[in-house]
Asker: 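Sending over a structure as structure tokens; questions will come in a sec.
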There are 4 protein chains.
Amino acid sequence: MQSRSPASRTGRPRSPAADAAILAATREALVDLGWSKLTLGDVATRAGVAKTTLYRRWAGKNELVVDAVAELFDELELPDRGSLAADIEGVVLQFASILALPEARSGLMAVVAEATRDEALRERIRASVVDRQKRLVLEGRSRAQARGELPPEPDPASSARTVDLIFDMVAGAVVHRTLVSAEPADEEWVHRFTGVLLRGLAGEAAHPADG
Amino acid sequence: MQSRSPASRTGRPRSPAADAAILAATREALVDLGWSKLTLGDVATRAGVAKTTLYRRWAGKNELVVDAVAELFDELELPDRGSLAADIEGVVLQFASILALPEARSGLMAVVAEATRDEALRERIRASVVDRQKRLVLEGRSRAQARGELPPEPDPASSARTVDLIFDMVAGAVVHRTLVSAEPADEEWVHRFTGVLLRGLAGEAAHPADG
Amino acid sequence: MQSRSPASRTGRPRSPAADAAILAATREALVDLGWSKLTLGDVATRAGVAKTTLYRRWAGKNELVVDAVAELFDELELPDRGSLAADIEGVVLQFASILALPEARSGLMAVVAEATRDEALRERIRASVVDRQKRLVLEGRSRAQARGELPPEPDPASSARTVDLIFDMVAGAVVHRTLVSAEPADEEWVHRFTGVLLRGLAGEAAHPADG
Amino acid sequence: MQSRSPASRTGRPRSPAADAAILAATREALVDLGWSKLTLGDVATRAGVAKTTLYRRWAGKNELVVDAVAELFDELELPDRGSLAADIEGVVLQFASILALPEARSGLMAVVAEATRDEALRERIRASVVDRQKRLVLEGRSRAQARGELPPEPDPASSARTVDLIFDMVAGAVVHRTLVSAEPADEEWVHRFTGVLLRGLAGEAAHPADG
DNA sequence: CAGTAAACGAGACGGTACGTCAAGTCTTACA
DNA sequence: TGTAAGACTTGACGTACCGTCTCGTTTACTG
């Protein structure tokens with residue numbers, strides 16, 4: 001989340017506890033206040049830390065919230081439920097349950113909005129949140145290939161494009177359902193969505209770029 | 001966007017030009033500054049209007065930006081390209097081209113983020129932006145039914161659920177592709193995406209709730 | 001103390017009560033806290049005014065304190081005690097009694113210190129505090145001339161130099177006695193000092209520039 | 001300037017060079033920045049010393065600056081120019097030349113201002129700066145008595161009062177001339193001032209407490 | 001000549017105040 | 001009554017120093 005030159009060996013070392021306290025306080029403040037009313041002074045107070053300590057480690061509200069929210073996604077993992085469809089449903093449900101948390105709802109869309117005008121922030125989100133979860137798609141696919149549910153990938157470039165498409169469709173649909181439509185992404189919805197997605201992708205393998 | 005009691009007949013009437021000027025100034029400011037640096041004082045100045053005038057018509061930044069962005073979506077229409085797939089590709093491309101506008105990118109996600117903690121704002125977005133475009137899905141479907149590409153809807157409740165699912169998938173995927181992945185939703189991508197979606201939905205008709 | 005273009009006729013006018021409240025609060029804070037612990041935020045709070053209102057009218061702590069202290073000196077006046085020596089003793093005692101006020105002690109030397117590196121501030125002090133009181137020296141001299149205690153001034157240039165010298169000696173001695181030596185400039189001291197000064201000046205008239 | 005218990009005999013001794021470096025850096029910073037912008041962190045950096053080292057030796061900015069400025073006055077000495085008037089002119093000119101140094105101007109008045117609310121600081125200034133120079137007055141008087149220019153002192157108490165008065169008048173006038181009037185205390189001015197002072201004091205001897 | 005205790009540099013730490021900025025309200029004169 | 005102008009209160013901003021602390025390192029005296 002931040003790094004100093006490894007050469008700096010001198011001086012008082014940064015308190016490692018402060019990082020964790022600040023990120024936890026940030027999530028707590030997101031729940032209580034939401035993004036727009038969250039102030040760094042308040043986060044510092046909640047964390048029992050001076051404002052300067054916070055600014056020494058994060059450049060601003062955006063970066064702080066990205067890191068605080070990103071930690072929520074680290075617990076995602078691909079369950080082994082025996083079939084591709086069931087595996088995917090499981091991970092989509094996990095994703096939906098994270099997006100149901102108020103600390104994620106409030107913060108995530110806001111930093112995405114900020115990222116539309118801030119390339120570095122966009123990169124940080126991609127690195128901390130998005131790319132970190134792409135492993136799930138890859139893992140799910142290779143597991144399905146091992147089961148014989150999917151054929152091996154022929155072309156790496158087209159494979160990457162497919163992963164990206166899947167990710168945009170899954171993440172986009174769940175986010176839109178949860179935040180814009182404000183309806184729960186519950187088991188029934190996830191089941192329907194996964195069905196449409198997998199059937200569509202199955203066809204995609206047959207008609208990779210036709211009309 | 002605002003209403004006065006019909007009884008107020010006395011006094012100086014509100015300038016109708018001011019509304020348009022303010023909304024245009026808002027979009028201009030969104031382009032120049034983005035959501036977070038946009039200030040109502042600046043919008044008022046750009047519109048050649050006093051801050052008081054602006055506050056008399058909108059409750060705050062959120063409401064103002066929703067209205068300013070909503071106008072952008074009014075130009076969406078369903079082209080008649082001869083087939084369901086082609087029609088959908090056309091409207092998705094239009095949607096993507098709106099999301100490519102900086103005034104939409106900056107503002108839309110931000111108000112969605114705000115809406116996670118503001119029921120009234122969420123309703124305003126749904127009314128001004130989302131529901132207004134659901135007509136496209138309905139129109140596309142009935143046109144396809146007229147062409148014989150789709151069977152008539154049997155059950156209105158399941159029909160509504162399907163429309164919602166389609167909308168979440170289309171809007172979500174385009175938004176995610178555009179704003180998070182920060183890749184253009186160009187013809188090639190839209191073609192692939194539409195293919196997956198329609199094939200998936202075609203199967204959905206056959207297995208409406210299978211396991 | 002501050003002036004706006006006379007053309008600004010529009011907009012809400014500045015509250016005239018705020019000026020007085022701020023200056024009084026400044027003196028109060030000088031008494032309670034002294035110069036170095038006085039903060040503009042605290043002054044604003046005491047005055048029942050927002051910090052921005054204060055900054056709209058004064059550029060900073062220095063300018064504010066000069067104005068607050070200058071008002072203290074406006075009450076100085078030359079008593080008519082019947083003789084030059086008695087008149088001067090009277091005014092020196094008044095001056096000493098002002099310097100005995102904690103709000104003057106704390107603030108005056110501090111702004112003089114600041115003024116060593118700020119030409120504009122030095123000018124403001126001279127205009128607000130020093131020059132405003134030179135009238136006392138001039139008035140005392142003309143009154144003494146009317147009484148026949150002093151001869152009429154021959155040369156205006158040398159006259160101005162003499163006034164400056166008197167002022168430096170009177171103000172300097174009282175300030176040093178009060179603030180550095182930290183002894184009271186009481187009647188006995190003022191009497192001795194005035195005696196030395198007047199006898200010295202009487203001689204000066206006879207030997208205006210001897211070697 | 002600081003003292004440690006004589007019992008501390010063990011451990012690394014304080015660097016004697018650091019004291020000198022810090023005081024010199026303080027004067028340098030006074031010249032460059034003036035009192036109010038001088039920071040102890042900056043002084044430490046200029047002295048090539050850590051902030052902790054500085055705080056181990058001085059309690060704060062006030063004490064540090066008093067010591068740094070006091071050193072400037074140590075070079076004052078009474079020249080033997082053959083007459084009381086000439087001797088005094090000489091020493092007043094020296095005093096004026098010190099007050100003309102920016103490091104003295106900036107710092108001296110500021111610490112005097114601080115001293116109005118800090119008894120210990122006032123005592124430190126008196127010990128380091130004022131009393132140290134009173135020797136000049138005493139020395140000048142005894143030399144003049146040796147020359148027969150002044151009668152021997154009859155009463156020690158009245159003598160001390162006279163020394164104090166002289167000191168307040170000399171130091172006060174030069175300081176006011178230099179810092180408030182912001183005019184140079186040059187030879188011509190010093191000559192006029194000294195003339196007034198000595199003639200006044202000569203009379204004082206004749207009328208020690210009359211009107 | 002090893003042990004020890006203090007001084008030292010570096011820099012993080014909890015604070016306080018800074019001066020600025022925007023939000024949203026209020027007060028004026030004018031239309 | 002609506003409007004433009006701009007003063008008003010409020011509260012957060014991000015920065016700068018304060019004076020303290022905690023490190024790892026250096027340097028004299030001492031046993």
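A note on names: the letters A, B, ... follow the listed sequences, proteins ahead of strands, and every chain is numbered from 1. Computed from a predicted structure; not experimentally measured.
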Asker: Could you tell me whether a side-chain N or O of B/Thr116 sits under 3.5 Å from a main-chain N or O of B/Val112, the two making a donor and an acceptor?
Answerer: no

Asker: Using distance only, find each side-chain donor-acceptor pair of residues 24-34 of chain D under 3.5 Å and give its atom names and separation, not counting sequence neighbours.
Answerer:
unit_1	atom_1	unit_2	atom_2	d
D/Thr26	OG1	D/Ile22	O	2.7
D/Arg27	NH1	D/Ala68	O	2.8
D/Arg27	NH1	D/Glu71	OE1	2.8
D/Arg27	NH2	D/Glu71	OE1	3.1
D/Glu28	OE2	D/Arg46	NH1	2.8
D/Asp32	OD2	D/Arg46	NH1	2.9
D/Asp32	OD2	D/Arg46	NH2	3.3

Asker: I need a per-nucleotide contact map over nucleotides 23-31 of chain F, read 5' to 3'. Cutoff is protein heavy atoms under 4.0 Å; write B for the base, S for backbone only, - otherwise.
Answerer: ---BBS-S-

Asker: Calculate the interatomic distance between A/Lys37 atom NZ and E/dA23 atom P; express it in whole Å.
Answerer: 14 Å

Asker: Could you tell me the separation between the CZ atom of A/Arg57 and the OG1 atom of A/Thr52, rounded to the nearest 0.5 Å?
Answerer: 10.5 Å

Asker: Quick one: on DNA chain E, does C/Lys61 or B/Thr39 contact a more 5' nucleotide (nearest heavy atom)?
Answerer: C/Lys61

Asker: Determine the sole option in D/Val111, D/Val69, D/Leu40 for which the side chain to side chain contact (heavy atoms under 4.5 Å, CB included) test with D/Leu64 is passed.
Answerer: D/Leu40

Asker: Any donor-acceptor pair under 3.5 Å linking the side chain of A/Thr53 with the backbone of A/Val49?
Answerer: no

Asker: How long is the line joining CG of A/Leu38 and C1' of F/dG11, in whole Å?
Answerer: 15 Å

Asker: Indicate whether OP1 or OP2 belonging to E/dC13 is found under 4.0 Å from a side-chain N or O atom of A/Arg56.
Answerer: yes

Asker: Can we say A/Arg14 and A/Asp19 salt-bridge, meaning some charged N sits less than 4.0 Å from an Asp/Glu carboxylate O?
Answerer: no

Asker: Measure from CH2 on D/Trp58 to C1' on F/dG19 and round the result to the nearest Å.
Answerer: 17 Å

Asker: Distance check, rounded to the nearest 0.5 Å: D/Trp35 atom CH2 versus C/Arg117 atom CZ?
Answerer: 13.5 Å

Asker: If you take any heavy atom closer than 4.0 Å to DNA chain F, which residues from residues 40-55 of chain D end up in contact?
Answerer: D/Leu40, D/Gly41, D/Lys51, D/Thr52, D/Tyr55

Asker: Taking for each residue the nucleotide of DNA chain E bearing the nearest heavy atom, is the 5' side occupied by C/Gly60 or by D/Ser15?
Answerer: D/Ser15

Asker: Measuring from atom CD of C/Glu63 to atom CH2 of C/Trp58, what distance do you get when rounded to the nearest 0.5 angstrom?
Answerer: 11.0 Å

Asker: Would you jot down, in residue-number order, the residues of residues 102-122 of chain C having a non-hydrogen atom under 4.0 Å from DNA chain E?
Answerer: none

Asker: Can you work out whether C/Pro16 or A/Ala59 has the more 5'-proximal nearest nucleotide on DNA chain F?
Answerer: C/Pro16

Asker: Taking salt bridge (Lys or Arg N to Asp or Glu O under 4.0 Å) as the definition, give me every residue that meets it alongside B/Arg122, ordered by chain and number, with sequence neighbours left out.
Answerer: B/Glu119

Asker: How many angstroms lie between OG in B/Ser106 and NZ in B/Lys37, if you round to the nearest 0.5 Å?
Answerer: 12.0 Å

Asker: Measure the NZ-OG distance between D/Lys61 and D/Ser36 for me, rounded to the nearest 0.5 Å.
Answerer: 6.5 Å

Asker: Any ion pair linking C/Arg124 and C/Asp118 (charged N to carboxylate O, less than 4.0 Å)?
Answerer: no

Asker: Between the main-chain N or O of A/Val43 and the side-chain N or O of A/Lys51, is there a donor-acceptor pair closer than 3.5 Å?
Answerer: no

Asker: Whole-Å distance between F/dT3 C1' and B/Asp19 CG?
Answerer: 14 Å

Asker: Distances for protein N/O vs nucleotides 1-3 of chain E N/O pairs under 3.5 angstrom?
Answerer:
none

